[in-house]
Student: 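Mind looking over this structure? Questions follow.
Below, read A as the first sequence line, B as the second, and so on, with proteins coming before strands; counting in each chain starts at 1. Keep in mind that what you see is a predicted model, and the values were worked out from it rather than measured.
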4 protein chains.
Amino acid sequence: MELQMTKNTLRQQKAFETKNKLIDSALKIFSEKGFDSSTTKDIAREAEVTDGLIYHYFNSKEELLWAILEKHPLNHDLKNTANTNFLLDQSLDVVLNEFFTNLIDMLHEKKELIVMFFGEAQRNQKVRDRLVLTIEEGLQLLHHLLKQKITKDDDYLFLAIRNVQTGLVMYFLLYDRFQTDPVERKRYINMTVQQFIKVIT
Amino acid sequence: MELQMTKNTLRQQKAFETKNKLIDSALKIFSEKGFDSSTTKDIAREAEVTDGLIYHYFNSKEELLWAILEKHPLNHDLKNTANTNFLLDQSLDVVLNEFFTNLIDMLHEKKELIVMFFGEAQRNQKVRDRLVLTIEEGLQLLHHLLKQKITKDDDYLFLAIRNVQTGLVMYFLLYDRFQTDPVERKRYINMTVQQFIKVIT
Amino acid sequence: MELQMTKNTLRQQKAFETKNKLIDSALKIFSEKGFDSSTTKDIAREAEVTDGLIYHYFNSKEELLWAILEKHPLNHDLKNTANTNFLLDQSLDVVLNEFFTNLIDMLHEKKELIVMFFGEAQRNQKVRDRLVLTIEEGLQLLHHLLKQKITKDDDYLFLAIRNVQTGLVMYFLLYDRFQTDPVERKRYINMTVQQFIKVIT
Amino acid sequence: MELQMTKNTLRQQKAFETKNKLIDSALKIFSEKGFDSSTTKDIAREAEVTDGLIYHYFNSKEELLWAILEKHPLNHDLKNTANTNFLLDQSLDVVLNEFFTNLIDMLHEKKELIVMFFGEAQRNQKVRDRLVLTIEEGLQLLHHLLKQKITKDDDYLFLAIRNVQTGLVMYFLLYDRFQTDPVERKRYINMTVQQFIKVIT
DNA sequence: CATGAATGAGTATTCATTCAT
DNA sequence: GATGAATGAATACTCATTCAT
């Protein structure tokens with residue numbers, strides 16, 4: 001994709017933008033109504049193109065779903081956090097606050113995507129597999145970050161990570177995404193970190 | 001007269017059963033395909049009645065959804081656990097193992113319902129409100145059980161409970177519901193309990 | 001079908017008629033435009049019902065095609081001709097004139113069906129199989145009628161029958177169906193009979 | 001100037017080839033799927049050009065159909081047979097075998113075209129007219145060949161020719177085009193010739 | 001209570017055709 | 001000449017809902 005953009009004539013560039021707009025529009029509509037209740041007409045209207053054009057770029061409505069997931073590698077930002085050298089010298093408390101804050105920030109930033117992702121995962125096996133994979137990646141990132149500081153055995157540590165991480169995601173889905181008070185969120189994260197430290201030390 | 005009444009009663013009973021069968025069938029179909037992709041025809045066929053009859057008992061497809069939630073007060077079983085006197089004298093470890101095992105068992109028993117519940121909650125505000133309510137009830141139950149044994153302040157305790165509980169639910173949704181190994185599940189619950197005790201003591 | 005009609009309540013009777021009307025309408029539309037170019041909307045309009053009703057009675061547009069063929073067992077009339085005792089004592093000339101006249105009459109009566117049948121047979125394997133079967137049946141009928149009067153060996157007789165019969169059908173498809181002059185047709189049939197007799201005697 | 005012309009000529013040549021490839025591709029696709037079910041996209045892909053180019057050379061999909069028929073004067077090969085001097089001295093038997101063999105060979109060679117031709121003729125008046133014309137030409141050819149050897153009156157001879165010829169075509173459409181046994185075909189043709197000779201002598 | 005025929009708006013997808021580049 | 005993005009009407013099929021019986 002990135003690659004294709006380089007050799008652009010004006011025309012190709014415009015096509016690229018149109019395709020992109022379709023993906024973004026699909027994400028918006030899907031997350032508002034769910035995949036099944038979204039219509040290709042809605043998506044086309046949102047993208048300000050005619051109905052048929054969707055099928056010039058994608059073979060089906062479902063393919064739009066995959067294009068969305070392709071476009072948003074959710075753990076990308078977390079990866080950066082996890083790899084930052086500056087964290088190496090910090091206390092557990094600082095590291096975890098940073099990591100969880102980034103996680104919640106990312107979830108907020110991609111709110112639409114996340115909501116759709118979880119909703120569809122309940123009924124579409126392939127989407128669920130992808131979701132589980134994404135979550136596992138997130139677990140690995142945190143595990144990688146902690147294993148040098150923590151001496152608990154892997155099983156124990158992993159379960160702790162899984163619980164705290166999925167707990168956070170659920171917190172986001174059910175509560176946090178509908179509020180915008182950053183103070184409350186900070187408090188929540190901070191306290192969660194304190195409790196998590198108790199578990200793993 | 002007497003006869004008439006008997007007839008009516010019988011008729012009422014039959015009607016009650018039919019309505020019930022419709023609710024059960026709807027639950028089955030909804031959880032298999034999701035609300036939107038389920039058709040009233042599917043439901044009628046599953047309930048072995050004709051298409052139109054649904055609308056004798058319910059005003060719409062959505063009303064069936066509410067009837068399902070009405071019929072299944074999810075925390076009913078947990079309530080029993082939480083109120084059992086026998087738990088009062090037990091150690092934290094025993095109490096929590098019992099409670100979480102009950103929780104997971106209940107989730108399994110009502111797997112279909114749960115999956116649909118979470119799936120629809122992502123896109124239907126009213127369903128989500130109901131889900132949040134149900135979860136809050138669950139939190140209260142555990143809080144009620146623990147507050148006598150634990151001296152942490154409420155905020156701290158509640159957050160811990162919320163995290164562990166939603167973590168468990170997520171664990172169920174993503175992994176546990178697709179496996180049936182009771183040993184693995186027991187191990188998971190037990191370790192989670194140990195970690196949770198660390199947090200709250 | 002016939003059977004179902006007997007135990008009719010008024011409602012069932014009406015439904016039966018509607019279904020029948022749909023079949024007849026489909027035949028009309030299919031033969032006018034060909035199967036592919038016919039739309040279910042056209043058919044519904046012709047039958048004076050709404051679009052969706054077609055799918056209450058049939059699972060697909062193609063199923064309508066088969067319902068049509070089911071309803072019209074083409075060789076039915078020829079069978080009667082072939083089995084009539086009165087023919088037994090007649091001269092070859094009379095018998096063949098009678099048979100071919102019946103054949104052409106039947107083709108005319110079911111003109112719409114025939115045209116569609118041949119058109120679709122060119123591209124739909126299953127339809128073609130059905131057509132070949134129907135033609136073979138027709139050949140058998142004539143063969144049955146002749147084998148008592150003709151002493152030629154079977155191979156020879158069959159080939160003669162096949163050629164004359166398919167020749168007649170093609171004559172109908174390309175010319176006769178667009179004209180209505182009974183004299184011309186009679187002349188054609190008569191001369192064909194004379195020539196055919198030359199072949200088989 | 002000179003150069004320009006060469007360029008133009010080359011360009012014209014290339015254009016000619018592209019147009020030709022489009023016609024051939026259209027024939028291939030049409031005969032596989034029928035006219036209606038064939039898409040211009042299919043045809044463009046088969047011809048390895050882009051979608052829009054078709055409309056540089058043709059005004060519509062239907063125009064492609066006519067271009068195909070224009071390109072394939074079906075009776076061309078038969079004409080050669082019919083005019084060959086060598087046939088003049090041959091026996092009826094040899095002449096007819098030669099002619100019918102050529103006919104069937106030609107049908108086989110242009111199988112795709114023939115199938116499409118007959119399929120479309122059922123629903124497209126203009127195509128049917130063309131088909132009738134082509135068949136009439138074929139009849140004339142054989143009539144021309146026979147009239148010197150046969151003394152029957154024209155009406156009688158023509159009808160015999162028409163029947164045998166359309167019979168042969170039908171034989172091809174329904175049976176012969178799906179088999180490849182040359183012995184069986186030879187047998188068929190030979191016996192048909194024998195029977196035809198009986199009719200016309 | 002129960003039936004199932006009937007409605008009609010809606011759905012994903014297709015496709016001939018146009019046209020700016 | 002050639003490209004392929006864009007159009008938009010059309011299509012088979014679906015489905016919640018209504019209602020006469």
Student: With sequence neighbours left out, write down each residue that passes ring pair (Phe, Tyr, Trp, His ring centres under 6.0 Å) with C:F117, or none if nothing qualifies.
Tutor: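 Testing C:F117 for ring pair (Phe, Tyr, Trp, His ring centres under 6.0 Å), a comparison that skips the adjacent residues, returns none.
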Student: Between E:dC19 atom C1' and A:L10 atom CG, what is the distance in whole Å?
Tutor: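 Interatomic distance, CG of A:L10 to C1' of E:dC19: 16 Å.
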Student: How many Å lie between NZ on A:K61 and C1' on F:dC13, as a whole number?
Tutor: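 To the nearest whole Å, that distance equals 15 Å.
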Student: Just how far, in rounded Å, is P of F:dT14 from CZ of C:F58?
Tutor: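 Going from CZ in C:F58 over to P in F:dT14 covers 15 Å.
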Student: Looking only at side-chain N and O atoms, does B:T18 come under 4.0 Å of OP1 or OP2 in E:dC1?
Tutor: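 B:T18 to E:dC1 OP1/OP2: no side-chain N or O under 4.0 Å.
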Student: Which residues satisfy the side-chain contact (heavy atoms from CB on, under 4.5 Å) test with B:E63, sequence neighbours excluded?
Tutor: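 B:F58, B:N59, B:S60.
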Student: Using atom NZ of C:K21 as one end and atom P of E:dA5 as the other, report the distance to the nearest whole Å.
Tutor: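 Rounded to the whole Å, the gap is 17 Å.
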Student: Closest heavy-atom contact between A:L22 and A:I43?
Tutor: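 Heavy atoms only, the tightest pair is O-CG2, 4.1 Å.
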Student: After noting the C-alpha distance and the side-chain angles of D:M116 and D:L65, does the key distance pass the side chain to side chain contact (heavy atoms under 4.5 Å, CB included) rule?
Tutor: CA-CA 10 Å; D:M116 186 207 65; D:L65 185 63; 3.5 Å; yes
Student: Considering residues at least two apart in sequence or located in another chain, which fulfil the salt bridge (charged side-chain N to carboxylate O under 4.0 Å, His left out) criterion with B:K33?
Tutor: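 For B:K33, the residues satisfying salt bridge (charged side-chain N to carboxylate O under 4.0 Å, His left out) (neighbours in sequence not counted) are B:D42.
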Student: Grab the CD-P distance between B:E17 and E:dA2 for me, whole Å please.
Tutor: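 Between P of E:dA2 and CD of B:E17: 11 Å.
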Student: Mind checking ring pair (Phe, Tyr, Trp, His ring centres under 6.0 Å) for C:F118 and listing every partner two or more places apart, or none if nothing turns up?
Tutor: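 Expected list: none.
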Student: Could you say whether D:A15 or B:E62 is positioned toward the 5' end of DNA chain F, judged by the nucleotide with the nearest heavy atom to each?
Tutor: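 Looking at DNA chain F, the more 5' nearest nucleotide goes with D:A15.
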Student: Under 3.5 Å, side-chain donor or acceptor atoms of residues 47-55 of chain B against the rest of the protein: list the pairs with distances, not counting sequence neighbours.
Tutor:
{"from": "B:E48", "atom 1": "OE1", "to": "B:K21", "atom 2": "NZ", "distance (Å)": "3.0"}
{"from": "B:D51", "atom 1": "OD2", "to": "B:K41", "atom 2": "NZ", "distance (Å)": "2.9"}

Student: Calculate the interatomic distance between C:E63 atom CD and F:dC13 atom C1'; express it in whole Å.
Tutor: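 My rounded result for the distance is 13 Å.
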Student: What integer distance in Å separates D:L22:CG from F:dA2:C1'?
Tutor: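 Answer to the nearest Å: 12 Å.
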Student: Using the salt bridge (charged side-chain N to carboxylate O under 4.0 Å, His left out) criterion, which residues pair with A:E112? Sequence neighbours excluded.
Tutor: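 A:E112 satisfies salt bridge (charged side-chain N to carboxylate O under 4.0 Å, His left out) with no residue once adjacent residues are dropped.
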Student: Would you tell me if any nitrogen or oxygen in the side chain of C:S60 comes within less than 4.0 Å of OP1 or OP2 on F:dA12?
Tutor: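 Answer no for this pair, as no side-chain N or O of C:S60 is under 4.0 Å from OP1 or OP2.
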Student: Just to verify, what does C:R128 make a side-chain hydrogen bond (donor to acceptor under 3.5 Å, both in side chains) with, not counting sequence neighbours?
Tutor: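 Scan of C:R128 (side-chain hydrogen bond (donor to acceptor under 3.5 Å, both in side chains), adjacent residues dropped) gives C:Q125.
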Student: Enumerate the residues from residues 26-57 of chain D whose closest heavy atom to DNA chain F is under 4.0 Å, giving them by residue number; use none for an empty result.
Tutor: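 DNA chain F contact set from residues 26-57 of chain D: D:T50, D:G52, D:L53, D:H56, D:Y57.
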Student: Could you state the atom-to-atom distance from CG of D:L64 to P of E:dA16 in whole Å?
Tutor: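 Whole-Å distance recorded here is 11 Å.
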Student: Can you give the dot-bracket line for DNA chain F, using ( ) for pairs inside the strand, [ ] for pairs that cross earlier ones, | for pairs with another strand and . for unpaired bases, where Watson-Crick and G-U count if both distances are under 3.5 Å?
Tutor: .||||||||||||||||||||
